[in-house]
Amino acid sequence: MLTGPFSHRTNGNYIHLDRSCAPMRMSRYFLPTLKENPTDAQIVSHRLMLRAGMIKQASSGIYSWLPMGFKILRKLENIVHEEQQRAGHNPILMPTLQSADLWRESGRYDDYGEEMLRITDRHGHDMLYGPTNEEQVTDIFRSHVRSYKDLPQTLYQIQWKFRDERRPRFGVMRGREFFMKDGYNFDIDKDSALHAYNRHLVSYLRTYERMGLKAIPMRADSGPIGGDDTHEFLVLADTGESEVFYDTKILDLTLGDREVDYDNWDQCADIMKEWTTPYARTDETHDEALFNEVPEERRKVSRGIEVGQIFYFGTKYSEAMGATVTNAEGKDVPVHMGSHGIGVSRLIGAIIEASHDDKGIIWPEGVTPFGVGIVNLKQGDDEADTACEALYKSAIALGLDPIYDDRNERAGGKFATMDLIGMPWRITVGPRGLKNGVVELTSRKTGESEEMTPEMALEKLTKIYAGI
RNA sequence: CGGGCUAUAGCGCAGUCUGGUAGCGCGUUCGUCUGGGGGACGAGAGGUCGUAGGUUCGAAUCCUGCUAGCCCGACCA
């Protein structure tokens, strides 16, 4: 029952990955916050992740995830799982270490270059730490699927990847080891594969929206494949690595609560059209003449963080690796494929870049590690302690996933910590209010406080989270 | 991979130019006072100065090699 405020979203296929999601007393929580900015961290999300005790750098571009960082990572992972499964995609888990032989089949073992971390095992076999998984998933597919009747099919995983970047930077935004959802569709022909492409676009829009992010699909560089068959999802932020050009009209679009039938080709195509009609491109594909057709007051140039990408690449891997099915005419044909990625660990950085102030992080309610922070202003005072304990227990029972600051700290320190770690809501309990039977409910975003009874505060929070 | 920079206490820094046995702030421990936005006072713990070698009576400081990390650029979820 206590799976957190978002359990109502779960469907039959929901995978429980939320063992790290548990309410917590601050006195027992491993939350090593820092008052000062570490020098190595240059951008705000990296600084705040270190200051909020979410991560610890292990080596360049490689991080350990401490309890709160880990909890958010799991939360994002859950959202991605839920939305993928809602779209009818199958979760799998492939190993991080792959055999070089598969990559020799596709020809990418030699093409990939220095970014691929190559390892030799004790038998002298060439292995690699996977930077992506087209070969591995194609091998799984070809081993088991023979008939067009088993199509369409989409397999995805959320797994660690490694790319030996020349220059890791910006904390988890551009690490060498990163946590990523990668999905692969297998279809009988191009039309069906393009529906898979549209279906992914819709599921991604929904995923980002749940995370409180405005991620804009932008036509991206399709490389050697050509055509319109790849889009990147960009979150606008000054610290973004890509320059982006867009029609501000696209910012008004939301998917909202509309019912989506992921098997409905027309509906997915319509949504795809809705989001890709307003001009939105990265510098890779930017077309100045086309951009100038947008009314001047709606033309905007800024920077963005890439948090996902979808591709259609046809039969590139299926032909190279012999992934064929028998079609209705009894003929063996290579399957049409696409791949789709969401940078889960990078998303945490992107969310912070998009949502913070000078006091710290401001978590959107959809991803916050805890639903509410309870601050006891006078630890050790019988009345305050009793009220806080009761509030904490009620909040747990309501699935609000609270964090209770029961440390023997001064009020200022407790407030500063709650602000730094980004609790979207705070309930402040002190002797002054308790005399009148009230506590204070404060919004992190607006800073506005309201006095009310503890019951009313919990009721209000329950309503807020029910709408997420 | 080209260019720049850094390495001294858990974190942020000073000391290096001009060699003489290591200091400040935050944090941390103990005590007292305090108690609605990182409080005050007092007492303490904590560093063989990234690493290996060299010069010297003596090296955090001068010289050489190595390692690690950060920033700008080119490349990428």
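Order of the sequence lines fixes the chain letters, A, B, ..., with proteins taken first and strands second; residue numbering starts at 1 for each chain. All of these numbers come straight from a predicted model, not from anything done at the bench.
Using a 4.0 Å heavy-atom criterion, one finds that A:Gly341 contacts no nucleic acid atom at all. Counting any heavy atom pair closer than 4.0 Å across all strands shown, A:Ala411 reaches sugar-phosphate atoms only and no base atom. When heavy atoms are screened at a 4.0 angstrom cut-off, A:Gly175 is found touching base atoms of the nucleic acid. Contact annotation for A:Gly412: backbone-only contact, meaning every heavy-atom pair under 4.0 Å involves sugar-phosphate atoms and none involves a base. Residue A:Thr132 is classed as having no contact, given no heavy-atom separation below 4.0 Å to the nucleic acid. Counting non-hydrogen atoms under 4.0 angstrom, A:Asn408 reaches a base of the nucleic acid.
Across the strands present, B:G50 finds its partner in B:C66; the criterion is a Watson-Crick or G-U wobble pair with both atom distances under 3.5 angstrom. Base pairing annotation: B:A59 forms no Watson-Crick or G-U wobble pair, as no partner gives both donor-acceptor distances under 3.5 Å. Remark: B:G2 base-pairs with B:C72; criterion is Watson-Crick or G-U wobble with both hydrogen-bond distances under 3.5 Å. As the counterpart of B:G37, no nucleotide is assigned, since no Watson-Crick or G-U wobble pattern has both distances under 3.5 Å. For B:C30, the paired base is B:G42 (Watson-Crick or G-U wobble, both distances below 3.5 Å). Nucleotide B:U16 is matched to nothing when pairs are restricted to Watson-Crick or G-U wobble geometry with both distances under 3.5 angstrom.
The nucleotide whose nearest atom lies closest to any side-chain atom of A:Thr39 is, among B:G37, B:G39, B:C13, B:C13. Closest contact between the side chain of A:Glu115 and the listed nucleotides B:G38, B:C70, B:C76 involves B:C76. The side chain of A:Arg51 sits closest to B:G38 out of B:C70, B:G12, B:G38. Between B:C76, B:C72, B:G39, one nucleotide has an atom nearer to the side chain of A:Glu165 than all others, and that is B:C76. Nearest nucleotide to the side chain of A:Pro38, out of B:C70, B:C76, B:G12: B:G12. Each of B:G69, B:G73, B:G38 was ranked by its minimum atom distance to the side chain of A:Arg169; first place goes to B:G73.
Donor-acceptor pairing under 3.5 Å, judged by distance alone, is present between the side chain of A:Glu440 and the base of B:G36. Side-chain N/O atoms of A:Arg410 and base N/O atoms of B:G39 include a donor-acceptor pair closer than 3.5 Å. Residue A:Glu409 places no side-chain atom within donor-acceptor reach of the base of B:G38, judged by atom type and a 3.5 Å distance cut-off alone. Side-chain atoms of A:Arg166 and base atoms of B:C76 include no donor and acceptor less than 3.5 Å apart. In this model, a side-chain donor or acceptor of A:Arg426 finds a partner on the base of B:G37 within 3.5 Å. Within 3.5 Å, no donor on the side chain of A:Asn37 pairs with an acceptor on the base of B:G12, nor the reverse.
For the P atoms, the distance from B:U61 to B:U18 is 14 Å, rounded to whole Å. Between B:G38 and B:U28, the two C1' atoms lie 15 Å apart (nearest whole Å). B:G19 and B:G44 are spaced 34 Å apart, taking the P atom of each and rounding to whole Å. With C1' as the reference atom, B:A60 and B:U51 are 14 Å apart, rounded to whole Å. Nucleotides B:C62 and B:G20, compared at atom P, are 11 Å apart to the nearest Å. Nucleotides B:G31 and B:C13 have their P atoms positioned 33 Å apart, rounded to a whole Å. The gap from the C1' atom of B:G35 to that of B:A43 amounts to 23 Å, rounded to the nearest Å. Nucleotides B:C5 and B:G47, compared at atom P, are 33 Å apart to the nearest Å.
Taking the side chain as every heavy atom from C-beta outward, A:His195 and A:His200 never approach each other to under 4.5 Å.
Summarising the geometry, the separation between CG on A:Asp111 and C1' on B:C76 is reported as 16 Å, rounded to the nearest angstrom. In this structure, A:Lys414 places its NZ atom 13 Å from C1' of B:G37, rounding to the nearest Å. In this entry the distance linking CZ of A:Phe415 with P of B:G35 reads 15 Å, nearest Å. In this structure, A:Asn436 atom CG and B:G36 atom P are separated by 17 Å, rounded to whole Å. What separates CZ of A:Phe311 from P of B:C76 is a distance of 10 Å, to the nearest Å. What separates CE of A:Met418 from P of B:G37 is a distance of 16 Å, to the nearest Å. Taking atom CZ of residue A:Arg108 and atom C1' of nucleotide B:C76, one finds them 14 Å apart after rounding to whole Å. Atom CG in A:Asp419 sits about 11 Å away from atom C1' in B:G38, given to the nearest Å.
By the 30° and 60° cut-offs, the orientation of the rings of A:Tyr204 relative to A:His340 is perpendicular. Between A:His89 and A:Tyr156, the ring-plane angle classifies as perpendicular under the 30° and 60° cut-offs. Between A:Tyr279 and A:Phe291, the ring-plane angle classifies as tilted under the 30° and 60° cut-offs.
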ask   = Could you go step by step and tell me if A:His46 and A:Phe170 meet the ring pair (Phe, Tyr, Trp, His ring centres under 6.0 Å) rule?
value = CA-CA 6 Å; A:His46 191 198; A:Phe170 302 152; 8.6 Å; no

inquiry  = Would A:Tyr312 and A:Tyr197 count as a ring pair (Phe, Tyr, Trp, His ring centres under 6.0 Å) here? Give the steps.
reply    = CA-CA 7 Å; A:Tyr312 163 71; A:Tyr197 186 90; 7.6 Å; no

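The only option from A:Thr428, A:Asp405, A:Asp406, A:Asp385 that meets the side-chain hydrogen bond (donor to acceptor under 3.5 Å, both in side chains) definition with A:Asn376 turns out to be A:Asp385.
Contact between the side-chain N/O atoms of A:Arg167 and the OP1/OP2 oxygens of B:C72 is found at a separation under 4.0 Å. When the side-chain nitrogen and oxygen atoms of A:Lys35 are compared with OP1 and OP2 of B:G27, one or more of them lie within a distance under 4.0 Å. Within the 4.0 Å cut-off from OP1 or OP2 of B:C72, not a single side-chain nitrogen or oxygen of A:Gln42 is found.
To the nearest 0.5 Å, atoms CH2 (A:Trp363) and NZ (A:Lys445) are separated by 13.5 Å. Between the CD atom of A:Glu135 and the OH atom of A:Tyr109 there is a distance of 12.5 Å, given to the nearest 0.5 Å.
The residue among A:Lys359 and A:Ile342 whose nearest nucleotide of RNA chain B is located toward the 5' end is A:Lys359. Taking for each of A:His46 and A:Gly308 the nucleotide of RNA chain B with the nearest heavy atom, the 5'-most of the two is the partner of A:His46.
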